[in-house]
Number of protein chains: 2
Amino acid sequence: MPERPQDPAALIAARGGRVTRTRTAVLSVLFDAGRPISHDEVGAALDARGVSHDRVTLYRTLDWLVSHDLAHKVAGPDRAWRFNAVGDEEHRHAHFHCDLCGRVFCLESLQPAIAATLPSGFRLGRAELSFHGLCPSCPGPLRSDAGHNRNKIAP
Amino acid sequence: MPERPQDPAALIAARGGRVTRTRTAVLSVLFDAGRPISHDEVGAALDARGVSHDRVTLYRTLDWLVSHDLAHKVAGPDRAWRFNAVGDEEHRHAHFHCDLCGRVFCLESLQPAIAATLPSGFRLGRAELSFHGLCPSCPGPLRSDAGHNRNKIAP
DNA sequence: CGGCTAATGCAACAGTGTAGCGTTTGTCTG
DNA sequence: CAGACAAACGCTACACTGTTGCATTAGCCG
Ligand SMILES: [Mn+2]
Ligand SMILES: [Mn+2]
Ligand SMILES: [Zn+2]
Ligand SMILES: [Zn+2]
């Protein structure tokens, strides 16, 4: 049983994986980030912690975390995947992509209602809803009326 | 005034661009495709028509078409943009990504209703809704109940 | 036709991600 | 704790998408 609810080593071991320096460090970085971050950002964070970070090993580590439900990945606006740690909750939420800083945010609290009927022959696996605009920490001209009223949005 | 409603040369000239062999051929290819296709697919189609296709020129041509409202681009599932010709209609619709063949389809007839409230501080530019699954021409195990009833979908 | 400039073609490069393969190292067993 | 085995690592090399710089070509306009 893990001492902390989010102990990287314990979570990795519980999935049947070997507890290595890279895996624990990467998972810890993802927990600390709090939002989906790119392979490159993970590498920089590993640098800051003095942990070696071979590019290929990092890719494989991130993929391993995803395939073992310790992380999920979301496509970024720049053709690079973003990864973030997940607990046990479902990954059914929209994402916000900042047009200025490129950061991606999980909108876990947002529960969008989508009503749609696919044309015949299309078999649905999953739906992805992403919003693009400016994040709270970026300056910009767009007026914010988000957070004040519930909008109908046309993608 | 154009002879045909969709005469590539006339459309290009109307935007103030020079009517070149590559531009007319690419726009014609996009019109014929009927769905968003990748840079590579455009190149193959140009091959079939005996039109030279330098990689860089093709990228620049596609970008020019997009920036002059003759095409729109949508991110594919494989980190490659897909381009398709547009008339004068708005580009406000969802897209379908086939997990098997990788093709992308514009769901122009689909008018999804999205109701959502963004957290405070996020300023919305646009929303993108994409469905992933199997397209009509791909075999697969997923049962189709699309096209029969209107579903609520959780992204 | 002649000139100006947009557009092209080519080379070189950057960023993301993958495949092969020999080496290291966790983990399990005795 | 020692040894064995397989998982994970680190390195090289590669594929693919897209961009930049610059000299050359070729639309377009008069
Ligand atoms: Mn997420
Ligand atoms: Mn479209
Ligand atoms: Zn931002
Ligand atoms: Zn398909």
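Letters A, B, ... are given to chains in the order of the sequence lines, protein chains preceding strands, and every chain is numbered from 1.
Only R79(A), A80(A), listed by number, bring a heavy atom of residues 72-80 of chain A to less than 4.0 angstrom from any atom of DNA chain C. The stretch residues 19-27 of chain B touches DNA chain C through T20(B), T22(B), R23(B), each having a heavy atom within less than 4.0 Å of the strand.
For W64(A) and dA8(D), the CH2 to P distance is 7 Å, given to the nearest whole Å. As rounded to whole Å, 14 Å separates atom C1' of dA19(C) from atom CG of D54(A). Counting to the nearest Å, the C1' atom of dA19(C) and the CZ atom of R60(A) are 8 Å from each other. Rounded to whole Å, atom C1' of dT17(D) lies 12 Å from atom CH2 of W81(B). The CG atom of L65(B) sits 10 Å away from the P atom of dT8(C) (whole-angstrom rounding). To the nearest angstrom, P of dC9(D) lies 11 Å from CG of L62(A). One atom, NE2 of H68(A), and another, P of dA7(D), lie 11 Å apart when rounded to the nearest Å. Note: CG (D40(A)) to C1' (dG17(C)) measures 12 Å, nearest angstrom.
For G76(B) against R82(B), the heavy-atom pair with the smallest separation is CA-NE, 4.0 Å. Counting all heavy atoms, side chain and backbone alike, P77(A) lies closest to V104(A) at CD-CG2, 4.1 Å. The heavy-atom pair separating D69(A) from V86(A) by the smallest distance is O-CG2, 3.5 Å. Between R103(A) and C135(A), the shortest heavy-atom contact is NH2-SG, 3.9 Å.
Under 3.5 Å, the side chain of R18(B) and the base of dA7(C) form no donor-acceptor pair of N or O atoms.
The cluster map of Ile, Leu, Val, Met, Phe, Trp and Tyr, joined by side-chain heavy atoms under 4.5 Å apart, puts L27(A) and V66(A) in the same cluster.
Between F122(A) and the options C98(B), P136(B), C138(B), a side-chain contact (heavy atoms from CB on, under 4.5 Å) holds for only P136(B).
Using bins of under 30°, 30° to 60° and over 60° for the plane-to-plane angle, the ring pair H68(A)/W64(A) lands in the parallel bin. The aromatic rings of H132(B) and H97(B) sit parallel, their planes meeting at an angle under 30°, below the 60° perpendicular limit.
From R92(A), atom CZ reaches atom CZ of R126(A) across 10.5 Å, with rounding to the nearest 0.5 Å. Once rounded to the nearest 0.5 Å, the distance linking OG1 of T24(B) with CZ of R18(B) reads 15.0 Å. Note that CZ of R55(A) is 10.5 Å distant from OG1 of T57(A), once rounded to the nearest 0.5 Å. The structure places CG of L129(A) at 11.5 Å from CZ of F96(A), a figure rounded to the nearest 0.5 Å.
Of the residues near DNA chain C, T57(B) and F83(A), the one whose nearest nucleotide (by heavy atom distance) lies more toward the 5' end is T57(B). Place Y59(A) and G17(A) on DNA chain C by their nearest nucleotides, and Y59(A) ends up nearer the 5' end.
Residue contacts shown for S38(A) are absent, as no nucleic acid heavy atom lies under 4.0 Å away. Residue T61(A) is classed as a sugar-phosphate contact, given heavy-atom separations below 4.0 Å to backbone atoms only.
Remark on the helix from dC1(C)-dG30(D) to dG30(C)-dC1(D): inter-end axis angle 30°, axes from five-pair C1' superpositions, rounded to 10°.
Minimum atom distance to the side chain of R55(A) is reached by dT18(C), of the listed dT18(C), dG10(D), dA6(D).
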